[in-house]
Number of protein chains: 2
Amino acid sequence: MYPPRTRNSRQTPCEQCPLRHLPTFREFQPEELAFVSHFKTGELSVDAGTTVLSEGSHSAHLFTVLSGWGFRYKMLGDGRRQILNYIMPGDLVGLQGSLMGEMKHSVEALSALTLCVFERERLGQVYRNHPDLAFDVTWIASQEERILDEHLLSIGRRTALERAAYLLSFLSQRAAASNLFRGERVSIPLTQQHVADTLGLSIVHTNKTLKKLAERNLIRWADRGCDVLDPEGLMRAADWDGLEAVRRPFI
Amino acid sequence: MYPPRTRNSRQTPCEQCPLRHLPTFREFQPEELAFVSHFKTGELSVDAGTTVLSEGSHSAHLFTVLSGWGFRYKMLGDGRRQILNYIMPGDLVGLQGSLMGEMKHSVEALSALTLCVFERERLGQVYRNHPDLAFDVTWIASQEERILDEHLLSIGRRTALERAAYLLSFLSQRAAASNLFRGERVSIPLTQQHVADTLGLSIVHTNKTLKKLAERNLIRWADRGCDVLDPEGLMRAADWDGLEAVRRPFI
DNA sequence: CGGGCCCTTGAATTCTCTCAAACAATGTGG
DNA sequence: CCACATTGTTTGAGAGAATTCAAGGGCCCG
């Protein structure tokens, strides 16, 4: 299932996890850290473009993103694709599949992506022995739900321009929280096709919409990605309040 | 906050919960039942049209729907409304607010609605003392996420006709699972405005789209609701596989 | 140099929205 | 019982938004 350039061995011990000290994430208790470290069975690194999980499959694993970007998506029978959300460092991936068996969406790497691998079998131990971590898992699922709510509002009721403004603002805020900036630039290797498939628009119209945002000096589109020139202007254009600045749990 | 015709006293003991024996829901262990019964602090009954929870509020409660219908929605500053999902018997309501404080969406009753009330404070006990129930809470959150994924695909990538077919099919399947049919008819007091706000369409276009579905003999729209004439035809029209027939947990 | 991928642009077509009006069903007060 | 208001549905027409089709340009890489 995984392509050539894939490794699957333990590399970064949780004790040295580079994400642990980011202000976005909560602190671990030493005992929790020990458990998570035990829970982790390895790492998976894949190249950009790799499908990490696919709709219809029954994965035995649960992942946390250690580095890189990816996205979750679903497709219709004739190939129409909807990107549901983006994944970035600290995000839990594959929980739906672990809880309910079959994956109902796919996950693809947008950049080189490294994932911490957990056995879904051991998820029960989390609930039995680590109620605080179990609570965190629920928190994370609930947070994802919130974000999907906002996406749904966006696609259903925002205009094309508002939608694009919302998406770019959302991505740049998430990127900032995950420390994924390269200077002013959100370093997502995102094509306009990805943007289109997230916004529910055609690629042609997406292009024209991004151009309008650029004309208003809110963003600058450059080869596979964009600079956010005016973060507050984007939020205003989208009528969006932004992400809450809370320290979120991660596993 | 709650309007006149509202009662807030303990009425149905969990031991006699009418939902417990529906084939849709899993069985409780006696000890779980005892805990849930203790966890429940009362009931809330409201009339159709009542706002049960509102965006921006900090509710101290968590609810399970005992009877009736409702919906979750979000609004933009200028009044545009997006219905996110519908709630019906057995559904957990207000989890996001309980976990994260502020509600980011509102909940409104579509029919007379009765909710079992739980104190959010006691949610911690679930995690500390009832890992199986805690697991169920996560399962439920994850299931909601799945449904939102499908809604997102629908609004983003399905045509107006497909979207309407999906929604009506989805609602009738959920209604069937919750035993909410009145003969062949889905007894949701749903207006075309609700349909429009769910599909992300204008009410005029929604009306024309529903008419097309009716011309194809898939549905018949009648005063505040519709008959599903051809359930499989609807699913085919939407390119949708339907809900899984699993016994789901409820609390 | 050619091929592939991504971005850009114009034009015609299709979809969807707004505006406007009318109708049916229901409920209320006189 | 009727007049009237309210709510929900239906329809037509014109305006606006978004799609498809088509083609060209830039860039990187083998």
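Here A:S202 lies in heavy-atom contact (under 4.0 Å) with a base. Counting non-hydrogen atoms under 4.0 angstrom, A:K211 reaches the backbone sugars and phosphates but no base. The residue A:L201 sits close only to the backbone: its heavy atoms come under 4.0 Å of sugar-phosphate atoms, none of a base.
Atom-to-atom, CD of B:Q192 to C1' of D:dT9 comes out at 6 Å; the value is rounded to the nearest Å. Atom pair B:R220:CZ and D:dT10:C1' shows a separation of 18 Å (rounding to whole Å applied). Distance, A:K208 NZ to D:dC21 P: 14 Å, rounded to whole Å. Here D:dA18 presents its C1' atom at 11 Å from CZ of B:R157, a figure rounded to the nearest Å.
Residues A:V195 and A:L167 form a side-chain contact, since some pair of their non-hydrogen atoms from C-beta on lies under 4.5 Å apart. Side-chain contact between B:E145 and A:I147 is absent, with no heavy-atom pair separated by less than 4.5 Å.
A:R158 and A:E150 are joined by a salt bridge, as a carboxylate oxygen and a charged side-chain nitrogen come within less than 4.0 angstrom of each other. Remark: B:D91 does not engage B:R72 in a salt bridge, criterion side-chain N to carboxylate O under 4.0 Å.
Under 3.5 Å, the side chains of A:T12 and A:E43 contain a donor-acceptor pair of N or O atoms. For A:S154 and A:H151, the side-chain atoms include no donor-acceptor pair closer than 3.5 Å. Residues B:T114 and B:S45 have side chains that bring a donor and an acceptor to within less than 3.5 angstrom of each other.
The nucleotide whose nearest atom lies closest to any side-chain atom of A:R163 is, among D:dT20, D:dT11, D:dA18, D:dA18. Distance from the side chain of B:T191 is smallest to D:dG8 among D:dA18, D:dG8, D:dG12. You'll find that the side chain of B:R224 is closest to D:dG8, out of D:dG8, D:dT9, D:dT19.
Between chain B and DNA chain C, the heavy-atom contact criterion of under 4.0 Å yields a 5' to 3' nucleotide range of C:dT16 to C:dC19.
Using five terminal pairs a side, the axes of the helix from C:dC1-D:dG30 to C:dG30-D:dC1 at its two ends make an angle of 30°, given in steps of 10 degrees.
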